[in-house]
Amino acid sequence: MIAIIRKFFVFLSLLALSFGLIACAEEEQNRVLSYEKGTYLGQEDQKLTEAQLRQLVLRSKGQSAD
Amino acid sequence: MARMKFLCDAERCIECNACVTACKNEHEVPWGVNRRRVVTIQDGKPGERSISVACMHCSDAPCMAVCPVDCFYQTDQGVVLHSKDLCIGCGYCFYACPFGAPQYPQAGNYGSRGKMDKCTFCAGGPEDDMSSSEFQKYGRNRLAEGKLPICAEMCSTKALLAGDGDQVSNIFRERIVARGFGSGAWGWGTAYSIKG
Amino acid sequence: MLRKKTSGVANGPQSSSFISKATGSVVDRRAFLRGSGLAIGGLAGAAALVGSNVTPSQAAGSSVASVIKKSVCTHCSVGCTIVAEVQNGVWTGQEPGWDSPINLGAHCAKGASVRETASGERRLKYPMKLAGGKWVRMSWDDAIDEIGDQMLDIRGKSGPDSVYWLGSAKHSNEQAYLFRKLYAYWGSNNGDHQARICHSTTVAGVANTWGYGAMTNSYNDIHNSKAIFIIGGNPAEAHPVSLMHILKAKEQNNAPVIVCDPRFTRTAAHADEYVRFRPGADVALIWGIMWHIFENKWEDKEFIRQRVYGMEDVMTEVKKWTPAETERVTGVPGKQLRRVAKIMANNRPGTFIWCMGGTQHTNGNNNTRAYCALQLALGNMGTAGGGANIFRGHCNVQGATDFCVLSHSLPGYYGLSAGAWKHWSRVWGEDVNWLKGRFASVKGKDGKTKSLMNSKGIPVSRWIDGVLENKDNIDQPDNLRAMVFWGHAPNSQTRMKEMKTAMEKLDLMVVIDPYPTVSAVLSDRTDGVYLLPATTQFETYGSVTASNRSLQWREKIIEPSFDSLPDHTIIYKFAKKFGFADRMFRKIKVTNDEPLVEDVTREFNGGMWTIGYTGQSPERIKAHMANQHVFDRTTLQAVGGKLDGEYYGLPWPCWGTAEMGHPGTPLLYDTSKPVAEGGLCFRARFGVEHEGNNLLAEGSYPVGSEIKDGYPQFTMGMLKKLGWDGDLTADERAAIKRVGGDKANWKVDLSGGIQRVAIKHGCAPFGNAKARVKVWTFPDPIPLHREPLYTSRRDLVADYPTYSDRKLYRLPTLYKSIQDVDHTAKYPMILTSGRLVEYEGGGDETRSNPWLAELQQDMFVEMNPFDANGKDIRDGDMVWVKTPEGAQIKVMAQVTERVARGVAFLPFHFGGHMEGKDLRSKYPGGSDPYVLGESANTAFTYGYDSVTLMQESKCSLCTIERV
């Protein structure tokens with residue numbers, strides 16, 4: 001009897017654990033959960049286009065004021 | 001284009017704090033969080049000089065090196081940004097930063113730290129450029145609008161310069177020549193010495 | 001490091017829920033951005049939790065387009081262009097105005113945060129009245145009715161002079177003009193504004209020296225300076241953007257910067273030569289410098305011969321100021337002053353800059369005239385890079401002064417004579433006798449009845465005495481019984497303890513302002529106080545005059561917030577209530593009680609001939625604002641295009657009518673250009689001779705002048721004598737005939753014909769004379785050093801005593817009787833005051849702006865470590881600053897070498913604490929500024945200039961003790 005209960009308990013524990021692990025899926029948490037040391041794993045930023053960069057270079061001139 | 005840099009000309013900075021309020025205004029930064037501040041040395045004595053300080057977007061950024069969750073990334077233009085989704089507010093970057101740039105808004109009643117906030121070089125964060133979520137978390141993305149950081153663009157004496165490193169150097173160099181002496185660009189050794 | 005850098009959220013702004021509920025109809029910025037979670041009170045860290053629809057940058061990249069509006073900063077007088085982004089009627093962002101030739105995109109802390117000034121949540125929101133000690137909301141109609149009835153009642157019982165109209169340097173030109181007209185129609189000269197306590201001694205001193213009382217050159221023109229002399233001014237904090245121009249000259253011309261100030265200011269930190277002198281010793285210092293100039297014959301003899309009258313008398317006075325005597329009085333060693341004199345002599349032209357440190361003294365008019373004398377001796381006047389560059393303090397204090405929101409003149413400095421009233425009555429289309437009937441009269445000493453129409457009113461610095469003085473001693477029928485504070489911070493005025501008493505004695509107090517101001521909380525009144533919400537200048541439109549005399553046009557950025565109304569609308573409502581709106585606005589279109597601003601501009605264009613506010617039509621000013629990029633950034637002259645040759649903002653005098661197309665006068669008294677192209681000479685204002693000496697210029701005249709010598713001001717008779725009257729058109733002739741024929745002069749000819757013809761022949765309409773360094777109509781014709789009333793140097797009183805007591809501007813005014821009492825045993829330290837960069841004026845607006853308030857959270861007193869250690873005071877301790885008239889303020893000690901031993905400095909922007917008591921609970925709910933503090937002026941004492949009644953707020957006595 002005790003053995004059955006124990007087995008059932010172990011089974012429950014495993015079940016709970018597996019549920020728990022499922023809840024660790026990154027998509028569901030909407031955040032990074034595993035890290036790779038030294039590497040950024042977050043959302044990727046957009047790059048500035050050539051046109052934007054050109055505009056920024058032109059814009060610098062306003063700061064000289066001379 | 002070379003990388004983006006900030007330069008504060010201590011001979012011109014008059015500690016007017018325009019950079020500080022322009023930043024607050026642009027990004028709706030709350031009370032208690034200072035992405036930029038002005039530091040004065042020798043206050044009230046001959047030799048008094050002021051320097052406007054924020055994240056310098058270092059080449060080998062110490063904050064990136066120490067972050068336990070690697071929330072930082074550097075753009076192609078050298079701007080150091082971070083993801084508030086990844087940040088855990090641990091405060092390591094604050095201790096690593098030679099400029100005292102990282103800020104932590106109070107998150108709860110017991111002084112617990114919120115996610116780190118810092119100067120973005122007016123470049124927002126990883127979210128879609130100029131999206132509402134980017135604005136909520138990081139403030140306005142001026143670079144994407146083709147504009148440079150507001151603090152430098154509004155500086156009262158044009159002491160604070162921001163933009164393409166070569167152009168910033170050129171503007172500064174012309175002034176040094178006119179002055180006949182150079183005091184060096186404050187903080188450049190620390191921020192950009194390694195990779196330039 | 002400064003304490004002000006304290007961060008922390010302790011006294012941060014509270015949530016905005018109250019306002020969002022209250023605003024109702026108006027979309028405010030908080031609501032607009034609320035979703036962002038980054039709005040004030042939110043925290044960046046919490047941002048990720050909240051959803052949002054709109055960002056300032058692009059309104060979420062959606063359909064809401066950004067509209068760009070241009071305005072002008074409402075803080076100091078530099079005149080920085082504000083570029084506003086507006087979405088859906090909400091002001092969402094500020095961009096640098098690169099095109100502005102004045103600021104080139106630059107701002108200071110205040111300018112970079114003006115969006116909050118207009119959109120802030122601590123605004124005064126509705127008309128309110130204090131009833132039974134509580135603020136009660138009311139409608140505009142009820143408010144105007146109740147106030148108007150009470151005023152009319154006071155008028156009936158005590159006469160029109162018992163209501164005081166206190167105007168503002170923050171009004172636009174049009175509002176200032178209408179305000180001046182309002183109290184003229186009300187029938188009193190009891191009106192004034194901040195200029196009285198800011199640069200009145202400059203205007204009086206300078207106008208009496210060479211004709212006009214304004215900054216002669218421009219901020220941009222400093223680019224041409226070879227030396228920069230700053231005295232009693234801290235532009236790095238008070239006019240930060242001007243430092244852009246100053247540092248440019250310093251770097252590119254290698255121009256030495258000399259700063260003379262009792263305090264080592266942030267400006268001094270950038271100086272090549274810092275001269276620390278004792279507060280109140282300006283005349284002694286200047287004469288001490290000029291001693292070296294004359295001793296070494298460094299003066300410009302030819303310039304003096306041609307263009308200056310009375311320099312020999314100055315030389316006689318200066319002879320007394322040997323290096324030893326100068327050091328005894330000012331504390332500055334002769335060696336340093338010789339160096340300063342030599343720098344100024346070797347680096348010409350040099351500019352001369354001064355501010356409140358020079359003006360706010362009992363002998364302020366002496367100081368300003370001594371400064372002029374130095375520039376005249378060096379020949380630095382009327383030339384690019386030279387000049388008397390008087391930096392005005394408020395955004396439109398120049399304009400409000402020009403429109404004479406003052407107690408002693410009608411607009412355009414016409415004065416109060418019968419002729420002046422006739423002139424303006426003509427401009428207004430008014431019957432001058434009807435106007436006269438509005439005024440009270442009194443019996444003069446000779447027993448004759450005289451109308452108060454021609455008698456100077458009480459100046460703002462003395463309104464307290466207008467209430468408290470025994471009415472038998474005042475030259476008007478009764479005491480002041482009602483005060484209207486229309487855009488005025490009471491804490492900018494000295495003697496606040498007595499002011500509190502005066503406020504409590506009044507029958508009626510009306511505050512009209514975007515913020516409640518200290519007036520709302522200072523007194524212990526429980527009734528009879530009204531607060532009416534005015535808009536900021538960002539919620540209306542009109543012209544504004546920068547310190548360099550350029551006019552700029554503000555566009556309306558957003559609609560008025562809450563229940564606020566523009567000042568000109570409120571003026572109209574009062575005029576309507578008093579029953580003279582139809583007369584006062586007969587030439588001005590009015591829609592829904594709002595006068596058409598352009599019509600107001602046109603009306604004053606038709607009357608302001610004296611100082612050339614006639615050529616700046618609304619269309620011309622707007623065209624300049626729209627084409628800022630075409631103007632040169634040093635000369636301010638347009639290069640090419642439709643505006644070719646015009647100077648930015650048509651700096652006055654812009655002679656003649658707009659049709660005449662005068663380009664404006666960028667530099668006053670500059671003879672190197674023809675008058676038609678902005679050249680000028682000194683004005684013939686003081687007659688043609690004095691004691692047998694010729695006052696007209698000798699052999700000096702603007703390029704192209706057909707008269708190659710000095711000449712008096714132009715009249716019709718003079719045109720005839722010269723044979724130039726044939727150049728007048730028939731219309732001009734008729735107009736001149738109407739105003740007096742041959743006697744009609746360039747000031748009263750409403751056609752502008754006399755001006756046009758004079759200029760056509762290369763002449764200045766106002767004549768061509770010498771400047772005078774001897775003003776024989778003033779108490780001290782040659783400026784004298786006089787010890788302050790509360791002097792720390794009793795040993796100097798016998799040699800340099802102050803004036804005798806006298807009656808000025810209707811009121812007894814004390815000098816000698818105050819100086820006679822020695823307070824130095826109990827109050828050994830000198831007390832002085834000044835500005836901080838983050839705040840402005842009384843600070844109600846700026847302390848209500850969280851971005852600024854966060855930077856300066858504590859009122860403080862600066863004291864030298866020597867004095868602090870002597871009293872066992874440490875940096876950061878709370879201390880009492882006590883002054884001889886019995887006031888004390890509780891402030892934080894800032895121990896610093898910025899001030900000399902024996903000198904204490906107070907910033908004057910704080911308010912809301914009174915002698916240790918916090919008055920926060922007395923503000924209307926939600927309208928209390930984020931930062932409160934003791935007002936410096938609670939501690940400041942009695943003392944008024946002998947010509948203008950400027951208050952003494954730069955030199956008193958105090959003692960400092962630990963709390």
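Quick note on labels: first sequence line is chain A, next is B, and so on, each numbered from 1. The basis for the numbers below is simple: all heavy atoms, side chains too, and nothing from hydrogens, waters or symmetry mates.
In this structure, C:Gln94 contributes its side chain and B:Ala22 its backbone to no donor-acceptor pair below 3.5 Å. A side-chain donor-acceptor contact under 3.5 Å links B:Thr21 to the backbone of C:Ala109. A donor-acceptor pair under 3.5 Å is formed between the side chain of B:Lys158 and the backbone N or O of C:Leu104. No donor-acceptor distance shorter than 3.5 angstrom exists from the side chain of C:His270 to the backbone of B:Glu48, with no hydrogens or angles considered.
No more than 12 heavy atoms of other residues, nucleotides or ligands sit less than 6.0 Å from atom OH of B:Tyr92.
Looking at B:Cys151, neither its backbone nor its side chain comes within 4.5 Å of chain C, counting heavy atoms on both sides. Contact annotation for B:Ala10: only backbone heavy atoms (N, CA, C, O) come within less than 4.5 Å of a heavy atom of chain C. Neither the backbone nor the side chain of C:Ala271 comes within contact range of chain B; no heavy atoms are under 4.5 Å apart.
The greatest number of non-hydrogen atom pairs below 4.5 Å with chain B, out of C:Lys110, C:Met244, C:Lys250, is found for C:Met244. Each of C:Cys108, C:Ala236, C:Ala268, C:Gly111 has some count of heavy-atom pairs under 4.5 Å with chain B, and the biggest count is that of C:Cys108. Counting heavy-atom pairs closer than 4.5 Å to chain B, the top-ranked of the candidates C:Cys80, C:Ala106, C:Gly97 is C:Ala106. Heavy-atom pairs under 4.5 Å with chain C were tallied for B:Gly180, B:Ser50, B:Ser156, B:Ala178; the largest tally goes to B:Ser156.
In terms of heavy atoms, C:Leu855 sits closest to B:Val20 at CD2-CG1, 3.9 Å. B:Arg12 and C:Leu247 make their closest contact through O-CD1, 3.6 Å (heavy atoms, listed as atom of the first residue, atom of the second, distance). Considering every non-hydrogen atom in both B:Arg49 and C:Ala269, the closest pair reads NH1-O, 2.9 Å. Closest approach of B:Lys45 and C:Phe264 over heavy atoms only: O-CE2, 3.2 Å.
A salt bridge links B:Arg140 with C:Glu95; the closest basic N to acidic carboxylate O contact falls under 4.0 Å.
Interatomic distance, B:Met154 CE to C:His107 NE2, rounded to the nearest 0.5 Å: 4.5 Å. To the nearest 0.5 Å, atom CD of residue B:Glu28 and atom CH2 of residue C:Trp851 are 5.0 Å apart. How far CG of C:Asn254 is from CZ of B:Arg179: 12.0 Å, rounded to the nearest 0.5 Å. A distance of 12.0 Å separates CD1 in B:Ile14 from NE2 in C:His239, rounded to the nearest 0.5 Å. Between atom CG of residue C:Leu243 and atom SG of residue B:Cys13 there is a gap of 10.5 Å, rounded to the nearest 0.5 Å. Note: B:Asn17 CG to C:Ser113 OG = 10.0 Å, rounded to the nearest 0.5 Å.
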For side-chain contact (heavy atoms from CB on, under 4.5 Å), just list the numbers for C:Glu897 and B:Asp43, CA-CA rounded to whole Å, side-chain angles, deciding distance to a tenth of an Å, and then say yes or no.
CA-CA 8 Å; C:Glu897 288 171 31; B:Asp43 195 44; over 6 Å; no

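No donor-acceptor contact under 3.5 angstrom links the side chains of B:Asn25 and C:Glu116, judged on distance only.
For the pair C:Lys248/B:Thr157, no side-chain contact is recorded, criterion being any heavy-atom separation below 4.5 Å from C-beta on.
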